[in-house]
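The chain is numbered in sequence order, starting from 1.
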Amino acid sequence: MDKIITYNNIYNYIEKQKQFLIQVKSIQYDITKKDYKKQGYSFTDYVKSKWNISKAQAYRYLISAKVLDQLKEFDILPNYERLCRSLNSVTETPQQIKLLWGTIVKRYRNTPDNINSSMISKVWKELYNDKKYFHICHIDKKFNDKIEQTLVNYSRRIKSKQINSKTNNSSTNNKINTSSKNKASLNNKIIDYGISEAVYQTNEVCYVPAFQPQYIVSNDNNQFQNIIYY
């Protein structure tokens, strides 16, 4: 009698698991392909019209798909979304989630319907405090922080280079345009800077604001010289 009950429990769980897996993988496949954009749907409208779920629920199903992909080697899998969310929330690596779920399945293989979120948290705490699994459950936070900071710094450098590149290109184009407009009149010993005032030259160095074209003329030899900024 007990064997029959056990068989029925496992069978019912597996059937529910199959249905859940089909639904989750279908949602994952369609959203990943992004066909809804080609059809003119927004993400929210698409998941509502096709599966009658909200945007938040769709994201939770995507988390479930990620968890199920990590646990595909097991014959017994989480068979509803909250179990997947609980597994995902307490673990950080595929190795951790496999250890946790494998431990749970080993303990409750004959009664998988008893597996719930509270049980997941309880088993994880046991594994976390077990020295045998210290190398799996305890991640070096400093090391992870260093990796994260390195990625952040790299991203900032890339953005800075892109901004500088655009600024330099813009500056070069402005100089070319300004140079063609601001022609010097050597006969009158005047430099026309494209503004309302002309700058008359003497034998001394001529000072003009740094944002103006970067040339001066000497009265003695009518030659262009580099300007000195102030």
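Across Asp30 and Tyr46, no two heavy atoms sit closer than the pair OD2-OH, 3.4 Å. Contact detail for Asn88 and Lys66: the closest heavy-atom pair is OD1-NZ, 3.3 Å. Between Ile76 and Trp101, the shortest heavy-atom distance links the atoms O-NE1, 2.8 Å. In this structure, Leu100 and Leu127 approach most closely via the heavy-atom pair CA-CD1, 3.8 Å. Residues Tyr13 and Pro78 approach most closely at OH-CA, 3.7 Å, considering heavy atoms. Heavy-atom minimum distance, Val47 versus Ala58: CG1-CB, 3.9 Å.
Looking at heavy atoms from C-beta onward, Ile53 lies out of side-chain contact with Lys48 at the 4.5 angstrom threshold. A heavy-atom distance below 4.5 Å is found between the side chains of Phe20 and Ser64. At a threshold of 4.5 Å between non-hydrogen side-chain atoms, the residues Phe43 and Lys55 count as touching. Taking the side chain as every heavy atom from C-beta outward, Arg82 and Arg85 approach each other to under 4.5 Å.
Other residues, nucleotides and ligands contribute over 12 non-hydrogen atoms within 6.0 Å of the OH atom of Tyr80. Heavy-atom contacts from other residues, nucleotides or ligands closer than 6.0 Å to CD of Gln95 number 12 or fewer.
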- Between Gln57 and Glu81, is a side-chain contact (heavy atoms from CB on, under 4.5 Å) present by the stated rule, with each step listed? CA-CA 9 Å; Gln57 184 66 25; Glu81 176 266 323; 4.1 Å; yes
Next item on the list: Test Asp113 against Lys16 for salt bridge (charged side-chain N to carboxylate O under 4.0 Å, His left out), laying out the working first.
Entry: CA-CA 10 Å; Asp113 278 332; Lys16 186 178 178 181; over 6 Å; no
Let me see the working for Lys18 and Ile14 under side-chain contact (heavy atoms from CB on, under 4.5 Å), right down to the final yes or no. CA-CA 6 Å; Lys18 289 179 181 178; Ile14 295 296; 3.8 Å; yes
**Request:** Evaluate the side-chain contact (heavy atoms from CB on, under 4.5 Å) criterion for residues Asp69 and Lys25: first the C-alpha distance (whole Å), next the side-chain angles of each, then the deciding distance (0.1 Å), finally the verdict.
**Result:** CA-CA 9 Å; Asp69 285 342; Lys25 298 303 288 185; 2.6 Å; yes
Going through the checks in order, is the side-chain contact (heavy atoms from CB on, under 4.5 Å) test met by Lys98 and Leu71? CA-CA 6 Å; Lys98 288 177 182 179; Leu71 299 176; 4.2 Å; yes
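In this structure, Ile63 CD1 and Cys84 SG are separated by 9.5 Å, a value rounded to the nearest 0.5 Å. Summarising the geometry, atom CD belonging to Gln23 is positioned 4.0 Å from atom OH belonging to Tyr61; distances are rounded to the nearest 0.5 Å. Interatomic distance, CG of Asn79 versus CG of Leu21, reported as 10.5 Å (0.5 Å rounding). A distance of 8.0 Å separates OG in Ser89 from CD1 in Ile120, rounded to the nearest 0.5 Å. Here the straight-line distance linking atom CG of Leu99 with atom OG1 of Thr91 works out to 10.0 Å at 0.5 Å rounding. Ile158 contributes atom CD1, which lies 11.5 Å from atom CD1 of Ile163 (distance to the nearest 0.5 angstrom).
Hydrophobic clustering (side-chain heavy atoms under 4.5 Å, transitive across Ile, Leu, Val, Met, Phe, Trp, Tyr) groups Tyr59 together with Leu83. Hydrophobic clustering (side-chain heavy atoms under 4.5 Å, transitive across Ile, Leu, Val, Met, Phe, Trp, Tyr) groups Phe74 together with Val24. Linking Ile, Leu, Val, Met, Phe, Trp and Tyr residues whenever their side-chain heavy atoms come within less than 4.5 Å leaves Tyr29 and Tyr36 in two separate clusters.
Salt-bridge check for Asp75 with Arg109: passed, with a basic side-chain N closer than 4.0 Å to an acidic carboxylate O.
Not a single donor-acceptor pair under 3.5 Å links the side chain of Asp45 to the backbone N or O of Tyr41. With hydrogens and angles disregarded, a donor-acceptor distance shorter than 3.5 Å links the side chain of Asn12 to the backbone of Asn8.
You'll find the ring centres of His138 and Tyr128 inside the 6.0 Å limit.
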